[in-house]
Novice: 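The structure's right below; bear with me while I get my questions together.
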Amino acid sequence: MQIEKVYEPQRFEPRWAQWWVDKGFFTADAASTKPVFSIAIPPPNVTGNLHMGHMLEHTLIDVAARYHRMCGYNTLWLPGMDHAGIATQMVVEREMAKQGLSKYDLGREKFVERVWEWKEKYGGNILRQMREVGASVDWTRSRFTLDEGLSKAVREVFCGLNERGLLYRGEYLVNWCPRCETAVSDLEVEHEDIQGTLWHIRYPLKDSGEFLTVATTRPETMLGDTAVAVHPKDARYLHLHGRTVVLPLMGREIPIIADEMADPEFGTGVVKITPAHDPNDFEAGKRHDLPRIKVIDEHALMTPEAGRFAGLDRYEARKQVVAELESMGLLAGTAPHAMAISKCERCGTVIEPMLSTQWFVRMKPLADRAAAAVREGRIDVQPENWRRTLLHWLDGIHDWCVSRQLWWGHRIPAWHCGDCGEITISRTAPETCSKCGSSNLAQDNDVLDTWFSSGLWPFSTLGWPDGTKDLETFYPTSLMIMGYEILFLWCARMTMLGLEFAGDVPFRKVYIHGIVRDAQKRKMSKTRGNTVDPLDITIKYGTDAVRMALLTSAAPGSDIVWTEDKLPSSQAFANKIWNASRFLFLNIERAGFEPQIPEPAKSEAIEDRWIWSRLNKAADSVNRAIQQYRYHEAAQTMWHFLWNDFCDWYIELKKRRFQDGSGLDENWRNILNVFERALRLLHPSMPFITEELWQRLSPGEGASITVAAFPQYDANLDDPEAEDEMRRLQEVLIAARQIRSEENVPRKITMTFGLAGPAPFTSAVQRNREAILRLDNVEFDLVENSEPAFSLTRPATENGSAPVPSARMEKEIEQLEKNISNSKRQLGDDKFLSRAPAHIVDNIKTKLAEYESRLESLRR
RNA sequence: GGGCGCGUAGCUCAGUUGGUUAGAGCGCCUGCUUCACACGCAGGAGGUCCGGGGUUCGAGUCCCUGCGCGCCCACCA
């Protein structure tokens with residue numbers, strides 16, 4: 001068999017990815033009686049390409065899924081649907097802008113067609129990309145956002161909410177993005193702290209020479225003021241209650257009201273009220289029945305209500321308003337003011353609180369149920385602090401504005417009567433108005449928030465609202481792995497909607513991972529241009545290496561800082577395994593038999609006993625780690641086992657056994673079995689290389705490591721004696737290597753040491769003389785004594801004696817003296833003796849004896 | 001204004017319930033073309049675990065506090 005010196009992932013990865021799909025390994029069987037493990041794979045969002053975050057998330061999910069499948073579960077990789085919404089539209093709009101087109105040039109229908117075309121082209125592109133980085137997904141269950149089944153689920157939920165009294169429509173202040181020309185929810189707004197300005201403006205009292213000075217950060221909104229407020233108990237203004245001021249620039253007479261929202265401590269204690277353009281003022285306006293005058297429109301331009309400022313951009317209007325006030329002597333002053341502005345998460349445009357008619361979902365009842373499910377542990381959220389964060393959000397929930405003034409998305413299933421104005425909400429398009437019977441009906445123009453349909457994902461993808469075998473088998477899903485940036489947007493919504501409509505939690509466990517950041521620890525984002533394309537990276541280093549690099553840094557609760565220099569070492573690790581197998585294959589050929597995984601044989605050889613015990617420990621650790629989402633630990637464990645234990649010691653010790661073509665003997669039976677088991681343990685983390693090697697080792701028909709059993713801890717394989725003996729051998733050899741290295745003795749020259757020490761050391765060396773001679777080219781003259789520690793001396797050579805370098809000795813002596821005095825101090829301390837557990841005390845006693853013995857021999 | 005997280009070797013980070021001489025990868029130094037691998041092997045240097053208090057026989061780990069970063073949530077003009 002030809003095995004190349006360097007592992008080339010590109011040769012194998014696409015092949016296995018395709019093969020697994022062809023073999024149907026990712027297709028879960030709803031009819032199976034095996035325990036179910038279903039895991040949700042969030043889709044990459046639609047805006048074009050995969051990014052490193054997708055890669056991380058997919059890797060974690062894939063590790064969990066492969067692990068459970070190997071553990072005997074009926075495993076479903078539940079693919080995500082393709083998101084729709086503002087992001088999609090923005091990308092298409094951007095594309096169109098390059099051709100000098102705007103969506104208005106096309107009109108709604110044509111524009112939607114454009115988006116569909118785009119979706120087909122790039123949506124498919126994303127699937128292809130995911131396949132290329134080894135995404136293991138049952139795409140047959142995949143679903144586009146606007147497909148038939150999902151639309152049905154969306155209508156069902158919308159109508160269901162309505163029937164439960166959880167839906168309402170009305171005119172409120174919503175977050176409005178003037179660039180996207182749509183309402184957005186609170187969660188889609190980003191806050192940015194800026195140094196703003198506080199303008200103090202003097203409002204003249206009617207029938208008096210007095211002025212009231214108000215403070216505002218948005219002077220242009222004064223054009224829409226319908227009152228000014230003072231605190232009811234503010235002694236300075238008691239006499240003004242019920243009086244009237246004349247709004248500068250507009251000449252409108254507006255009342256002075258008493259309302260607690262005015263903070264006497266802030267500014268002058270007087271606040272202007274603009275019910276149409278500020279959430280607080282909107283509420284105050286409701287309390288005092290104030291008119292709402294809209295002076296800024298959906299494009300952020302001033303309305304005719306703004307008088308001579310009409311048509312101006314909001315910021316231009318601000319300038320002119322301030323200038324005019326100043327010239328009129330009504331500007332009492334300005335002051336810098338730290339404040340937060342709201343921006344559209346998608347396009348960065350400053351959000352305008354806008355009076356508009358929207359659809360809302362009443363969240364409190366839904367959130368209460370979700371919170372209860374989390375509190376009662378019906379959903380286990382890990383890491384723990386995210387559980388509290390989620391609960392905190394659920395407890396303080398606001399109603400959800402679900403309507404969007406976009407052209408792409410799920411149309412709201414509500415029909416307006418052109419005659420009586422009645423709104424009919426229905427699963428299917430009604431023929432006539434439910435109130436007046438008119439057939440003059442038009443469907444609501446708004447579409448639903450992307451997250452509305454996304455919130456139905458875990459059950460809509462399984463066939464809900466129809467009762468299907470899939471739904472029955474795989475819902476609730478077992479585990480959801482997602483980044484914290486969509487904890488509220490998605491996780492919370494899925495939980496609420498799942499509980500309400502699918503009758504159970506959408507997933508039993510949620511694991512929240514960190515996000516991938518760039519080398520400067522900034523969030524990766526396309527607009528910033530600091531994204532890394534997983535395709536480039538996987539082509540360069542291989543998917544396995546990329547996965548390993550992500551996994552080894554994926555400690556729970558922390559973000560991953562992505563630097564490309566992590567890749568070469570993962571790549572080196574893949575190559576290391578590759579070459580370990582190369583060693584095996586070359587020797588198999590030399591030994592004269594075919595590659596195979598033979599029956600294991602019991603062996604008394606120290607390296608066999610030791611490696612089995614180590615492997616067993618690794619299996620234990622990997623199983624635990626994956627179950628506890630400690631993927632980095634699983635990856636690191638296998639890395640350490642394969643590189644340090646298997647390659648550095650086990651193979652090195654075995655080498656000498658393969659000198660002559662001895663056939664398929666005990667050595668082979670052990671090493672091949674150990675290697676095969678290690679491949680299985682590594683498979684979830686590095687699926688491709690492990691499959692390739694496994695197939696080469698085990699040329700069976702159609703078998704795959706991907707469905708082989710995951711090795712479990714087996715108490716019978718624990719061999720502490722062998723581990724102890726091996727540890728002693730390693731200690732002795734390392735000590736000898738140090739001396740060889742420091743004395744610059746070439747490997748070719750056999751070194752002979754005097755080894756004086758207790759029986760365990762001397763007998764370990766005695767039993768393995770031949771092995772260690774071959775390994776390090778060292779020999780030992782053994783002297784057994786009753787000291788607790790061994791000591792190494794260099795017998796006289798042709799060059800004279802002088803065994804150990806003195807600098808090293810002095811340093812060690814210093815360290816030993818420190819240790820000894822520490823140990824003695826502890827052992828002389830009555831408190832320590834009486835309170836510390838016995839095994840700690842014993843341990844220190846033993847150590848002390850070892851230190852003293854070692855010190856003694858060094859001094860000699 | 002609330003809440004959360006971080007600060008450990010030059011760099012990027014591990015370090016489950018407090019326990020003995022704090023680890024890894026990269027980088028650095030020395031020596032090796034040893035017949036699996038130079039994407040390698042062997043050896044080495046490098047840390048007052050951010051500062052200060054406290055609890056404890058014992059603290060990188062728990063508590064308080066200070067400093068420095070970062071994030072999330074929030075309708076105070």
Side-chain angles (χ1 to χ4, degrees), chain A residues 3 5-7 173 186-187 191 198 214-218 229 261-263 266-267 270-274 278-283 337 339-340 342 353 385-386 388-389 392-393 396 398 484-485 487-488 515 517 519 521 523 545 549 552-553 555 557-563 565-566 568-587 624-625 628 630 632-633 636 639-640 647-648 651-652 655 734 737-742 744-748 776-777 815-816 818-819 822-823 826 829-837 839-841 843-844 846-848 851:
Chain A
I3 301 243
K5 269 192 172 182
V6 175
Y7 173 59
L173 268 198
D186 295 343
L187 289 176
H191 301 280
L198 197 58
V214 303
T216 180
T217 53
R218 304 192 54 199
M261 77 171 275
D263 177 3
F266 187 93
V270 188
V271 60
K272 62 195 248 341
I273 307 285
T274 323
D278 180 278
N280 285 315
D281 296 2
F282 179 79
E283 292 302 320
H337 181 65
M339 55 181 284
S342 306
N385 62 308
W386 290 113
R388 291 194 303 270
T389 307
H392 183 255
W393 186 77
H398 289 41
Y484 56 76
E485 77 273 17
L487 181 65
F488 305 140
I515 62 177
R517 297 176 175 279
K521 301 192 181 183
K523 203 166 167 173
T552 50
S553 21
S558 61
D559 290 343
I560 292 180
V561 176
W562 181 262
T563 51
D565 52 299
K566 286 178 183 171
S569 66
S570 313
Q571 190 187 21
F573 177 64
N575 198 53
K576 185 74 182 174
I577 304 165
W578 183 256
N579 275 287
S581 79
R582 184 163 183 265
F583 167 81
L584 294 181
F585 288 119
L586 290 174
N587 280 287
R624 280 173 202 271
Q628 296 168 17
R630 303 178 65 80
H632 67 302
E633 220 170 83
Q636 283 165 5
W639 182 304
H640 184 263
C647 291
D648 290 349
I651 287 188
E652 293 303 326
K655 269 181 182 172
I734 286 168
R737 285 173 187 173
Q738 279 173 0
I739 295 169
R740 181 190 286 280
S741 179
E742 275 154 18
N744 265 321
V745 182
R747 264 283 290 269
K748 288 192 175 105
D776 277 7
N777 202 8
Q815 181 65 50
L816 283 168
K818 210 172 95 186
N819 293 342
N822 277 343
S823 303
Q826 279 190 298
D829 186 339
D830 288 340
K831 275 190 185 166
F832 173 73
L833 291 176
S834 61
R835 299 196 191 173
H839 72 275
I840 298 288
V841 178
N843 213 330
I844 288 179
T846 319
K847 287 283 176 190
L848 178 60
Y851 298 146

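Nothing here was measured: the structure is a model prediction, and the numbers come from that model. Naming: A, B, ... by sequence-line order, numbering from 1 per chain.
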Novice: Please measure how far the C1' atom in B:U30 lies from the corresponding atom in B:G46, and state the result in whole Å.
Specialist: 15 Å
Novice: What's A:Ala262 touching, base or sugar-phosphate or nothing? Going by heavy atoms closer than 4.0 Å.
Specialist: base
Novice: At 4.0 Å (heavy atoms only), tell me whether A:Thr216 reaches a base, stays on the sugar-phosphate, or touches nothing.
Specialist: sugar-phosphate
Novice: For a 4.5 angstrom cut-off between non-hydrogen side-chain atoms, does A:Ser569 reach A:Trp639?
Specialist: yes
Novice: Taking atom P in both B:G68 and B:G51, compute the distance separating them and give it to the nearest angstrom.
Specialist: 15 Å
Novice: So, OP1 or OP2 of B:C41: does either fall under 4.0 Å of a side-chain N or O from A:Arg737?
Specialist: no
Novice: More than 12 foreign heavy atoms under 6.0 Å from CZ of A:Arg737: is that the case here?
Specialist: yes
Novice: Would you indicate which nucleotide in B:G19, B:C71, B:A74 comes nearest to any side-chain atom of A:Ala340?
Specialist: B:A74
Novice: Between B:G7 and B:A14, how many Å separate the two C1' atoms, rounded to a whole number?
Specialist: 15 Å
Novice: A:Asp559 has an atom CG; how far is it from atom P of B:G5, in whole Å?
Specialist: 14 Å
Novice: Keeping A:Asp278 on the side-chain end and A:Thr274 on the backbone end, is there a donor-acceptor pair under 3.5 Å?
Specialist: no
Novice: Mind checking A:Ser558 for me? I need base, sugar-phosphate or nothing, with any heavy atom below 4.0 Å counting as a touch.
Specialist: sugar-phosphate
Novice: In this structure, how many angstroms lie between the P atom of B:C71 and the OH atom of A:Tyr484, rounded?
Specialist: 9 Å
Novice: Do A:Thr552 side-chain atoms and A:Ala549 backbone N/O form a donor-acceptor pair below 3.5 Å?
Specialist: yes
Novice: Rounded to the Å, how far apart are A:His839 NE2 and B:G18 P?
Specialist: 13 Å
Novice: B:G31, B:A14, B:C41: which one has an atom nearest the side-chain heavy atoms of A:Lys576?
Specialist: B:C41
Novice: Distance check needed: B:U17 C1' versus A:Arg630 CZ, whole Å only.
Specialist: 11 Å
Novice: Taking only the side-chain heavy atoms of A:Lys521 (C-beta and beyond), determine which of B:G44, B:G5, B:C13 contains the nearest atom.
Specialist: B:C13
Novice: Say you pick atom P in B:U16 and the same atom in B:C6; how far apart are they, in whole Å?
Specialist: 11 Å
Novice: How is A:Pro837 classified with respect to the nucleic acid when contacts are heavy atoms under 4.0 Å: base, sugar-phosphate, or nothing?
Specialist: base
Novice: For atom C1', what is the distance between B:A36 and B:G19, given to the nearest Å?
Specialist: 42 Å
Novice: By the 4.0 Å heavy-atom rule, please label A:Ala580 as base, sugar-phosphate, or nothing.
Specialist: base
Novice: Which nucleotide in the set B:A36, B:A74, B:C39 lies at the smallest distance from any side-chain heavy atom of A:Lys655?
Specialist: B:A36
Novice: Going 5' to 3' through nucleotides 23-29 of chain B, assign each nucleotide B (protein heavy atom under 4.0 Å from a base atom), S (under 4.0 Å only from sugar-phosphate atoms) or - (no protein heavy atom that close).
Specialist: --SS---
Novice: Tell me if a side-chain donor or acceptor on A:Arg582 pairs with a main-chain N or O of A:Val6 at a distance below 3.5 Å.
Specialist: no
Novice: Can you check the distance between B:G10 and B:C76, where both ends of the measurement are the C1' atom (answer in whole Å)?
Specialist: 48 Å
Novice: With respect to the side chain of A:Phe583, which nucleotide from B:G5, B:A36, B:U16 is positioned closest?
Specialist: B:A36
Novice: Across all strands, who's sitting opposite B:G1 as a Watson-Crick or G-U wobble pair, both distances under 3.5 Å?
Specialist: B:C73
Novice: Judged by atom type as modelled, is there a donor-acceptor pair below 3.5 Å linking the side chain of A:His839 to the main-chain atoms of A:Pro837?
Specialist: no
Novice: Rounding to an integer number of Å, can you tell me how far A:Asp648 CG sits from B:G40 C1'?
Specialist: 10 Å
Novice: Kindly point out which of B:C39, B:U16, B:C13 is positioned nearest to the side chain of A:Gln628?
Specialist: B:U16
Novice: Which one, B:C72, B:C37, B:G19, comes nearest to the side chain of A:Phe832?
Specialist: B:G19
Novice: Scan A:Asn744 against the nucleic acid and name what it touches under 4.0 Å (heavy atoms): base, sugar-phosphate only, or nothing.
Specialist: sugar-phosphate
Novice: How is A:Val271 classified with respect to the nucleic acid when contacts are heavy atoms under 4.0 Å: base, sugar-phosphate, or nothing?
Specialist: base
Novice: Does B:C6 have a Watson-Crick or wobble partner in any strand here, with both distances under 3.5 angstrom, and which is it?
Specialist: B:G68
Novice: Contact class for A:Lys748 (heavy atom, under 4.0 Å): base, sugar-phosphate, or nothing?
Specialist: nothing
Novice: If the P atom of B:C26 is compared with that of B:G43, how far apart are they to the nearest Å?
Specialist: 15 Å
Novice: Under 4.0 Å between any heavy atoms, over every strand shown, what does A:Val6 touch: base, sugar-phosphate, or nothing? Just pick one.
Specialist: base
Novice: Within the structure, does a side-chain N or O atom of A:Gln738 lie under 4.0 Å from either OP1 or OP2 of B:G44?
Specialist: yes
Novice: For A:His632, answer base if it contacts any base atom (sugar-phosphate contacts may also be present), sugar-phosphate if it contacts only those atoms, and nothing otherwise; contact means non-hydrogen atoms under 4.0 Å.
Specialist: sugar-phosphate
Novice: B:C69 and B:C29: how far apart are their C1' atoms, nearest whole angstrom?
Specialist: 33 Å
Novice: Within the 4.0 Å heavy-atom criterion, would you say A:Ile651 contacts the bases, only the backbone, or no part of the nucleic acid?
Specialist: base
Novice: Ignoring hydrogens and angles, does a donor from either the side chain of A:Glu652 or the base of B:A42 sit under 3.5 Å from an acceptor on the other?
Specialist: no
Novice: Is A:Arg582 near enough to B:C37 that one of its side-chain N or O atoms lies under 4.0 angstrom from OP1 or OP2?
Specialist: yes
Novice: ring-ring contact (aromatic ring centres under 6.0 Å, His included) with A:Tyr7: which residues, sequence neighbours excluded?
Specialist: A:Phe12, A:Trp578
